[in-house]
Each structure stands twice: as C-alpha cells, then as structure tokens.
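Report on the following structure.
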2 protein chains.
Amino acid sequence: MGTECHHADGAHPGIKGHALTHALGAAETRCAATQERLTAPRRRVLELLLGADGPQKAYDLIAAFGEHGEPAKPPTVYRALEFLERLGFAHRIESLNAYVPCRIDGTEHRAAFLICDCCGAAEEFEPDFTAQLKAAEAAGYEVATITLEARGRCPACRAD
Amino acid sequence: MGTECHHADGAHPGIKGHALTHALGAAETRCAATQERLTAPRRRVLELLLGADGPQKAYDLIAAFGEHGEPAKPPTVYRALEFLERLGFAHRIESLNAYVPCRIDGTEHRAAFLICDCCGAAEEFEPDFTAQLKAAEAAGYEVATITLEARGRCPACRAD
DNA sequence: CGGTGAACGTTATTTCGTAACATGGTGGCC
DNA sequence: GGCCACCATGTTACGAAATAACGTTCACCG
C-alpha cells in the first residue's frame, strides 16, 4: 500500500456503537424476510466488516473473530463470508483478496469499486454497466454477475 | 467449472506451430521497440499461454514450464507473468487466479472478460468504460487501471 | 420424540504467492 | 579489453489464502 503517502488505511471509517447495532438489526430483519438465518458467526463477521476502517482480509477476520483474542478457524470465517456475499451484505474485492461490507442499499446490485493504491481505501459505487452488458449480449453471453475494480488514487492521496 | 455442461475447457483453442512462432516473433519485435527483453523464461511462459486452450493457473505454467517435464520454480514463472502483464502481453483474471494471453491488438488497453462458469472459457473484449470513468472522476479518483470480470454462460453452454 | 437438513466445529492439507539472497549475463564507459 | 552497474535469473525457504473431509450440533417439522 502506501508507497507515496501515509494516510491511515481506509477512507471509510467503520461504524460503531449505535449505528453498528442498528445496521446489524437491519441485516437481521432482511434475513428474516427471506428465511435466512443470521447466525452468530455470520453476525460476528458482518460486525467486524462494518466496524473496520477498510477492506479486511480473511485472516484479519479470523484473527479478530474471538471477543477475547482467540482466533476463529478458517472455515468458520470463510463460510460466513460466503453467506454474506450471497445475501449481498458483503463483497469480495478480488484484486485485494479482501472483503468489505456492502455500502449500497437494496438487496440486489452489481459491485464496483474505486480502490486507492496509496491508502488502501475501497469505495463502492453504483455502476452503470449498460455498455458492457450490451457487449456481452453481442457476444452471446448470458451474464450472471459483474465485478469491476478500478485502481488509482483517492482524492485525499492526490492532494499530497 | 462445468457444473452443468461438459465442454472442454476454453472456447479459445490455443495457437500452434506457425501461428505461435509468428506471435512470439511479434512479441519479440514489440519488446525490441521499447528496449525490453523477451528473455527465455518470459518467452516460454508466453508460449505456454498462447498455446493453452483456456486460462492457465500459475502452477499449471510452473508444471508445464520445462520442455521435458521438469517444473520451474515458482518465482521464475511469477516474474515472467509480471513482465508479460506489464507489457500487455498477458492479463491476470483475478476471480480465477489465472492468466490469459492478451487477445486484443495494441500496446495499451483496459482489460475486460466474459467468463463462462460452465466451460471455463474466458473471452476478452474491448470495454467501453466511459460511464465508470465518469463516476470515478465525480468521486475525485484518479484511475490508473480498470479490470472488469463478467461471469455467466457462453453461447455454446447456453445451447445445452 | 425421531428424522431431516442446514450450519457449525475441527483437523489437516492444498493452493497460491513472495521474501531474501546468491549467481549470471549484458551493455556502457573509460 | 577490463571494469562496473544493472537487470534478470536461480534457489531456498517461507508465508498467506483457501478448501477438503468428516463428525457434531441445532432448529424445525411431522
């Protein structure tokens, strides 16, 4: 990361306390609506993602999982992440091998990220994929999911 | 991969013999033009990518590296891949942890792929990123690279 | 209750990628 | 030519990321 500037990782400070409780409650509600279960490990991983200041690696989550410092076993976290991705509560950022909580409302949307190579921030934005979907259709492909990752420098790091 | 249909991996058959020699020669020429060196391991990895029928994992290349079955050491191949990516001769597909040779002419372009979840084919296409670049600019980001990976089903697999 | 299926716990292993340092080749420069 | 600087490679070892496989627990439903 920071090869040129020295900001703390993550332009998105994690949410805490009240806001965090509220967000977890909202997730609970959305799960209940579709007969899905926000079990303890799933809830815990979502909590860690929401509270974090930037993209979290799986082993960051594994290390932070226990309330008193005991790490989780890898499958525990990977399974929770798989669930959270499936429900749209989290996204994997392939080029970082890391995860972020979904910052965009609505149960269904495509993922796109602006990633700062300098401070490590990853900002989700609502992408307009009409051009690419048209290209895919022209090629005869049936598209299920699209992910886009743009690497560059965030406003704060550009100012340096 | 093939969870639903049984095509051979890779809609793009690799190139052989004459065409392969020609492609390697062209790469050599492009390197010479920019004072870059297409050394033996770099050339060999490019040859393997061009000859393959689909995306190749790094350890596939490592295993296939030697002409007589002896594998390469990992850094040999990873360094060659890094070089090939830098010059635009190859692309990494993040969601597969795999590599493909660049199928689009021109020394500089952004990468976008249509990936078939069924047969494993990965088709490169020339993306129009104007919408996303506009969004990035609105957010104040300076974009260096963009990659897009669309997962779905290719025409052949849809026909099943 | 007892059965069914999803989720979890646990152990071990595989897959992927890189750090670190020694060696070798190439090209410039006096 | 001899020397040097630089880039690329060879090699060893290690660290990070992810999953396989299997047994157990738990909620729900008849």
Side-chain angles (χ1 to χ4, degrees), chain A residues 1 3 9 27-28 31-32 34-49 52 54-68 70-87 89-100 120 149, chain B residues 1 3 27-28 31-49 55-68 70-87 89-100 120 149:
Chain A
M1 255 149 264
T3 54
D9 276 3
E28 199 97 54
C31 285
T34 55
Q35 319 242 274
E36 298 281 359
R37 297 158 54 197
L38 189 63
T39 59
R42 293 169 175 176
R43 183 187 176 94
R44 175 59 176 154
V45 169
L46 178 55
E47 180 183 11
L48 289 170
L49 287 176
Q56 295 293 290
K57 303 216 160 211
Y59 275 74
D60 294 342
L61 299 170
I62 286 166
F65 186 86
E67 305 273 0
H68 305 297
E70 339 78 72
K73 305 289 170 63
T76 300
V77 166
Y78 280 103
R79 290 196 279 232
L81 287 169
E82 183 183 15
F83 170 85
L84 295 172
E85 277 203 86
R86 184 162 57 80
L87 278 283
F89 291 125
H91 299 293
R92 173 179 169 83
I93 299 182
E94 297 286 352
S95 61
L96 298 177
N97 289 353
Y99 299 82
V100 291
E149 299 177 13
Chain B
M1 260 155 259
T3 54
E28 199 97 56
C31 285
T34 54
Q35 319 242 274
E36 298 281 358
R37 296 158 57 197
L38 189 63
T39 59
R42 293 168 177 178
R43 182 186 176 95
R44 175 59 176 155
V45 170
L46 179 55
E47 181 183 10
L48 289 170
L49 288 176
Q56 296 292 291
K57 303 216 161 209
Y59 274 73
D60 294 341
L61 300 169
I62 287 166
F65 186 86
E67 306 272 2
H68 305 296
E70 339 76 73
K73 304 289 172 62
T76 300
V77 166
Y78 279 103
R79 289 197 280 232
L81 288 169
E82 184 183 18
F83 170 85
L84 294 172
E85 278 203 86
R86 183 162 57 80
L87 268 53
F89 291 125
H91 299 292
R92 173 179 170 84
I93 300 182
E94 297 286 352
S95 62
L96 297 177
N97 288 354
Y99 298 83
V100 291
E149 300 178 12

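In the text below, chain A, chain B and the rest are named by the order of the sequence lines, each starting its count at 1.
- Side-chain N/O atoms of A:Tyr59 and base N/O atoms of D:dG15 include no donor-acceptor pair closer than 3.5 Å.
- In this structure, CG of B:Leu38 is placed 18 Å from P of D:dC7, rounded to the nearest angstrom.
- Inter-residue side-chain proximity for B:Ile62 and B:Thr76 is flagged as unmet; no heavy-atom pair is nearer than 4.5 Å.
- Across every non-hydrogen atom of B:Ala27 and B:Leu38, the tightest pair is CB-CD2, 4.0 Å.
- Residue B:Arg37 has its side chain nearest to D:dC7 when only C:dG17, D:dA18, D:dC7 are considered.
- Contacts of B:Pro75 with the nucleic acid, taken as non-hydrogen atoms under 4.0 Å apart, include base atoms.
- Atom CZ in B:Arg86 sits roughly 11 Å away from atom P in D:dC7 (whole-Å rounding).
- Rounded to whole angstrom, the span from the CD atom of A:Glu82 across to the P atom of C:dA7 amounts to 10 Å.
- The separation between B:Arg42 atom CZ and D:dC7 atom P is 11 Å, rounded to whole Å.
- The residue among B:Asn97 and B:Lys73 whose nearest nucleotide of DNA chain D is located toward the 5' end is B:Lys73.
- When rounded to the nearest whole Å, the span between CD1 of B:Ile93 and P of C:dC16 equals 14 Å.
- Here the nucleotide nearest the side chain of B:Pro41, chosen from D:dT9, D:dT12, C:dC8, is D:dT9.
- Nearest-nucleotide positions on DNA chain C for A:Phe83 and A:Pro74 put A:Phe83 closer to the 5' end.
- To the nearest angstrom, P of D:dA18 lies 11 Å from CD of B:Glu94.
- For A:Tyr78, taking side-chain heavy atoms from C-beta onward, the closest of the listed nucleotides C:dC16, D:dT19, D:dA8 is D:dT19.
- Between B:Ile93 and B:Pro55, the shortest heavy-atom contact is CD1-CG, 4.5 Å.
- Salt-bridge formation is not detected for the pair B:Arg79/B:Glu82: no Lys NZ or Arg NE/NH1/NH2 atom is positioned less than 4.0 Å from an Asp or Glu carboxylate oxygen.
- Classified by interplanar angle (parallel below 30°, tilted 30° to 60°, perpendicular above 60°), the ring pair A:Phe83/A:Phe89 is tilted.
- For B:Arg79, taking side-chain heavy atoms from C-beta onward, the closest of the listed nucleotides D:dT9, C:dC16, C:dT11 is D:dT9.
- In this structure, B:Leu81 places its CG atom 9 Å from P of C:dG17, rounding to the nearest Å.
- Among the nucleotides D:dT9, D:dA18, D:dG10, the one closest to the side chain of A:Ala58 is D:dA18.
- Here the side chain of A:Tyr99 is nearest to one of D:dA8, D:dA18, C:dC16, namely D:dA18.
- In terms of phosphate contacts, A:Thr39 brings no side-chain nitrogen or oxygen within less than 4.0 Å of OP1 or OP2 of C:dA7.
- OP1 or OP2 of D:dA18 has at least one side-chain nitrogen or oxygen of A:Arg92 nearer than 4.0 Å.
- Rounded to an integer number of Å, the gap from NZ of A:Lys57 to P of D:dA18 is 8 Å.
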